[in-house]
Amino acid sequence: MRSLIWQLRPDHLEQGLITSFHEYAQKIGVDLSMEAPDDLEINQSCKEALWRIGQEALNNIQKHAGTSKAAMVMQSDAGGFTMKVRDQGSGGAVEKQQSLGITSMKERVEELEGSFHINSEKGKGTTIIVRVPIHRKGR
């Protein structure tokens, strides 16, 4: 039961998205390189949505990409926050799939009034790009 509760509202996010992604990637066997600023100032609901999106992207890499290597880049600017997750796996027609995972990522981004894109080319891997307006802490 505790495991289910943890999955619904992950307390480990208090240590930050960067640490959480590194630990999760290690847990599922994905070699994750990461580029992100140290001071990600986003509110809890945005952080939780980005966590779920990134978690699903890493799960998809582990299950479907044919590689264990992934790269994640997180950036913020005055206009918003961008998260890119890329693998150099088999690629293909991922964007045409109507999987539950991809649908859930899209819905989470829509709730944040953001945009969601998948670029996937056979033999060249897949990149997921999420762009959301800044949702700073306390807002």
Side-chain angles (χ1 to χ4, degrees):
M1 184 69 156
R2 281 194 171 157
S3 176
L4 289 174
I5 292 169
W6 180 82
Q7 291 173 0
L8 292 173
R9 185 170 180 124
D11 290 333
H12 66 282
L13 283 181
E14 295 307 316
Q15 65 189 348
L17 276 173
I18 297 166
T19 302
S20 296
F21 281 130
H22 275 298
E23 288 179 0
Y24 186 73
Q26 184 178 19
K27 178 181 174 181
I28 65 170
V30 172
D31 180 13
L32 180 65
S33 67
M34 192 159 210
E35 191 178 315
D38 292 330
D39 59 342
L40 295 173
E41 294 289 325
I42 54 178
N43 71 20
Q44 188 65 26
S45 62
C46 186
K47 188 185 292 187
E48 287 176 15
L50 291 169
W51 162 252
R52 292 294 178 211
I53 294 163
Q55 183 183 36
E56 184 61 33
L58 292 172
N59 285 336
N60 285 345
I61 290 166
Q62 189 263 339
K63 292 176 185 174
H64 307 295
T67 184
S68 63
K69 294 190 183 275
M72 183 180 286
V73 177
M74 292 189 278
Q75 302 170 316
S76 62
D77 57 38
F81 183 86
T82 303
M83 180 172 69
K84 296 179 186 177
V85 184
R86 184 175 198 288
D87 69 64
Q88 294 183 4
S90 55
V94 174
E95 65 276 357
K96 294 179 184 172
Q97 295 178 2
Q98 294 300 314
S99 73
L100 181 59
I102 291 172
T103 300
S104 108
M105 285 190 278
K106 288 177 181 178
E107 288 173 354
R108 289 179 192 280
V109 173
E110 287 172 8
E111 287 174 11
L112 296 172
E113 300 175 350
S115 62
F116 178 88
H117 301 282
I118 298 178
N119 298 321
S120 186
E121 202 171 325
K122 191 160 182 76
K124 294 188 178 182
T126 300
T127 302
I128 293 173
I129 304 167
V130 173
R131 176 83 174 157
V132 296
I134 292 283
H135 294 273
R136 295 197 187 277
K137 289 182 179 179
R139 283 192 184 172

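Since the model is a prediction, treat every value here as computed from it, not as a measurement. Values below: all heavy atoms of this structure, side chains included; hydrogens, waters and symmetry mates excluded.
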How many angstroms lie between [atom1] in [X] and [atom2] in [Y], if you round to the nearest 0.5 Å?
X: Glu107; Y: Ile53; atom1: CD; atom2: CD1; value: 11.0 Å
X: Arg131; Y: Phe116; atom1: CZ; atom2: CZ; value: 16.0 Å
X: Arg86; Y: Lys69; atom1: CZ; atom2: NZ; value: 13.5 Å
X: Asp77; Y: Thr82; atom1: CG; atom2: OG1; value: 6.0 Å
X: Trp51; Y: Gln44; atom1: CH2; atom2: CD; value: 12.5 Å
X: Glu110; Y: Met105; atom1: CD; atom2: CE; value: 12.5 Å

Exercise. Given the rule in the side chain to side chain contact (heavy atoms under 4.5 Å, CB included) test, do Leu112 and Val130 qualify, once you have shown the distances and angles that lead to the verdict?
Worked result: CA-CA 10 Å; Leu112 296 172; Val130 173; over 6 Å; no
Problem set entry | Co-membership, hydrophobic cluster, residues Ile129 and Met72, 4.5 Å side-chain | no
For this session: Indicate, with yes or no, if Leu58 and Val73 share a hydrophobic cluster defined by side-chain heavy-atom contacts under 4.5 Å among Ile, Leu, Val, Met, Phe, Trp and Tyr.
Result: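 No, separate clusters.
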Exercise. Does Asn59 reach the side chain of Tyr24, with side-chain heavy atoms less than 4.5 Å apart?
Worked result: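 Yes; the side chains approach each other to less than 4.5 Å.
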For this session: Report yes if some heavy atom in the side chain of Phe81 is under 4.5 Å from a heavy atom in the side chain of Cys46; otherwise report no.
Result: no
Smallest separation among heavy atoms of [X] and [Y], with atom names:
X: Pro37; Y: Ile18; result: O-CD1, 3.4 Å
X: Phe21; Y: Gln55; result: CE2-N, 3.7 Å
X: Glu113; Y: Pro133; result: O-CD, 3.5 Å

Exercise. Counting heavy atoms not belonging to Gln62, are there more than 12 under 6.0 Å from its CD?
Worked result: yes
Exercise. How far apart are the C-alpha atoms of Met34 and Met74, what are their side-chain angles, what is the distance that settles it, and do they pass the side chain to side chain contact (heavy atoms under 4.5 Å, CB included) test?
Worked result: CA-CA 8 Å; Met34 192 159 210; Met74 292 189 278; 3.1 Å; yes
Seminar exercise, completed: From the list Asp87, Thr127, Thr126, side chain to side chain donor-acceptor pair (under 3.5 Å) with Ser120 holds only for Thr126
